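Have a look at the structure below, then the notes.
Just follow the structure's listing: the first ligand is 1, and inside any ligand the first atom is 1. Just so it is clear, the model here is predicted, and its values are computed rather than measured. Along the sequence shown, the residues carry numbers beginning at 1.
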Amino acid sequence: MKSIEKLTLKGQRVLIRVDFNVPLDDGIVDNDFRIRAALPTLRHCIEQNASVVLMSHLGRPNGHRVPESSLLPIAEDLETLLERDIIFSQDCISDEAVDVSRGLEPGQVHLLENLRFYPGEETNDPDFAARLANHGTVYINDAFGTAHRAHASNVGVVAHFDQAGIGLLMAREVQFLKEQLDNPKRPYVVVLGGAKIADKLELVHKLLAKADRLVIGGGMAFTFLKAQGKNVGRSLVDESLIEEAGKILEAAKSQGVEIFLPRDVVAADQISKDAAWRVVALSDLRPDEMGVDIGPETCTEFGMALAGARTILWNGPMGVFEYAPFQTGTQLVIDTIIEATSQGAISVVGGGDSASAIDKLSKAKYFTHISTGGGASLELVGGHTLPALEALS
Ligand code: AMP
């Protein structure tokens with residue numbers, strides 16, 4: 001894969017697939033973490049006297065023109081961040097939009113409307129890809145968040161360019177999630193949480209060969225605890241994965257990987273911001289109660305598991321962090337990883353909820369790398385090849 005820094009950009013029209021799939025609140029960008037992450041690549045192109053055409057998806061409009069999924073609010077946000085005018089086209093493949101791209105002066109930036117207003121984006125339709133390719137003379141992919149998908153804007157389009165490569169953000173993602181974690185400085189501690197154990201079990205399996213300690217919290221911990229025969233009350237359990245979780249615990253033991261699971265929890269009878277809650281040992285959970293955060297004893301133990309780590313990978317909250325009473329465990333993990341990072345550890349955070357929790361607390365700058373991709377980061381760490389990267393290599 002060629003890095004953008006190795007390409008000659010002067011006088012070129014650089015078509016960049018970016019990931020501007022950001023949360024909107026009432027038509028205004030709510031969190032522009034992903035837009036800010038793309039700025040180094042955009043600035044590089046402008047400094048090289050290239051013109052820039054940006055394309056992205058937003059939300060799930062499923063091949064239809066949905067006004068709520070327009071990229072227009074992103075144009076406004078980007079204008080402020082980049083401190084220059086952004087030309088916005090209300091379509092991504094129309095002749096008018098292509099004419100705008102062809103007429104760009106060096107340094108000008110043109111943002112196209114949502115790629116997923118057309119079904120051809122997600123089906124990787126060759127005609128749609130060819131029409132997108134008309135916008136540029138050089139192609140760059142900087143959209144890590146969709147790199148695990150084979151779509152027209154990140155796979156089909158590539159064949160139309162002699163000069164194609166990855167942007168600075170994509171290069172950073174690969175550097176940290178692949179190169180750094182494939183050869184970690186030890187001890188290497190992985191902290192996993194969140195609800196969707198089905199998405200992460202294969203990764204846990206793969207990590208047994210790499211990590212020294214595996215810390216598991218959040219909703220996914222209860223399937224492991226159930227596999228150990230522990231009482232979990234009405235906590236989130238994926239019955240179909242209990243056996244698999246048990247096998248992983250066995251494998252960890254034989255491979256000498258230490259596994260840390262919750263021993264006490266914050267218990268509630270419902271997941272809501274007004275729910276009554278109490279701290280209990282797992283064994284005292286009532287049948288109608290569920291664990292919605294890790295308890296204080298577990299916090300201490302998880303903190304000790306992280307002590308002395310030289311490489312840390314974190315993905316997934318320790319509890320239902322959307323509600324203040326259940327944020328403590330996630331906050332503790334964040335603070336402990338920050339402390340370890342200040343002492344020289346490399347801290348890498350998978351995208352999705354963990355990244356937004358950190359950003360919400362304005363603590364992003366204290367981590368070594370926070371990925372912009374949720375699913376893509378799990379796949380890359382798990383050793384999978386990503387179609388968008390493969391298309392460029
Ligand atoms: P994931 O997408 O798998 O990383 O899951 C993130 C979600 O997990 C967040 O919305 C959390 O509220 C949720 N979560 C974390 N801990 C728990 C728990 N103990 N019970 C239920 N949901 C949880």
- Item | Minimum-distance pair of heavy atoms, taken over all atoms of Asp269 and Arg234 | O-NH2, 2.6 Å
- Heavy-atom nearest neighbour of atom 20 (N) of ligand 1 within options Gly352, Pro262, Gly291, Ala195: Gly291
- Numbered in order shown, the ligand 1 atoms found under 4.0 Å of a heavy atom of Gly194 are 1 (P), 3 (O), 4 (O), 5 (O), 6 (C), 8 (O)
- Residues at least two apart in sequence or cross-chain that pass salt bridge (charged side-chain N to carboxylate O under 4.0 Å, His left out) with Lys253, listed by chain then number, are none
- What protein heavy atom is closest to atom 3 (O) of ligand 1, reported as residue, atom name and distance in Å? Lys196 N, 2.9 Å
- Nearest neighbour in protein (non-hydrogen) for atom 17 (C) of ligand 1: Gly219 N, 3.3 Å
- Query: For atom 6 (C) of ligand 1, which protein heavy atom lies nearest, and how many Å away is it?
  - Reply: Asp353 OD2, 2.9 Å
- Task: Indicate, with yes or no, if Tyr118 and Leu112 share a hydrophobic cluster defined by side-chain heavy-atom contacts under 4.5 Å among Ile, Leu, Val, Met, Phe, Trp and Tyr.
- Result: yes
- Task: Begin from the C-alpha positions of Lys196 and Asp238 and carry the test salt bridge (charged side-chain N to carboxylate O under 4.0 Å, His left out) through to its verdict.
- Result: CA-CA 9 Å; Lys196 292 184 224 97; Asp238 188 330; over 6 Å; no
- Message: Please confirm whether Met290 approaches ligand 1 to less than 4.0 Å, judged on its heavy atoms.
- Response: no
- Message: So, 4.0 Å and heavy atoms of Phe222: is ligand 1 close enough to count as a contact?
- Response: yes
- Task: Tell me which one of Glu322, Met318, Gln327 gets a heavy atom nearest to atom 10 (O) of ligand 1.
- Result: Glu322
- Message: Using modelled atom types and a 3.5 Å cut-off, is there a donor and acceptor pairing between side-chain atoms of Arg84 and backbone atoms of Gly107?
- Response: yes
- Task: For atom 14 (N) of ligand 1, find the nearest protein heavy atom and state the residue, atom name and distance (0.1 Å precision).
- Result: Gly319 O, 3.9 Å
- Query: So, Arg13 side chain and Ser51 main chain: donor-acceptor pair closer than 3.5 Å or not?
  - Reply: no
- Message: Could you work out, with ring pair (Phe, Tyr, Trp, His ring centres under 6.0 Å) as the rule, every residue matching Tyr139, not counting sequence neighbours?
- Response: Phe161
- Note on the structure: atom 4 (O) of ligand 1: closest protein heavy atom, distance to 0.1 Å, is Lys200 NZ, 3.0 Å
- Item | Between Glu113 and Ser70: side-chain donor-acceptor atoms closer than 3.5 Å | yes
- heavy-atom search around atom 22 (N) of ligand 1 in the protein gives Val320 CG2, 3.7 Å
- Against heavy atoms of Gly218, which atoms of ligand 1 measure under 4.0 Å? 16 (N), 19 (N)
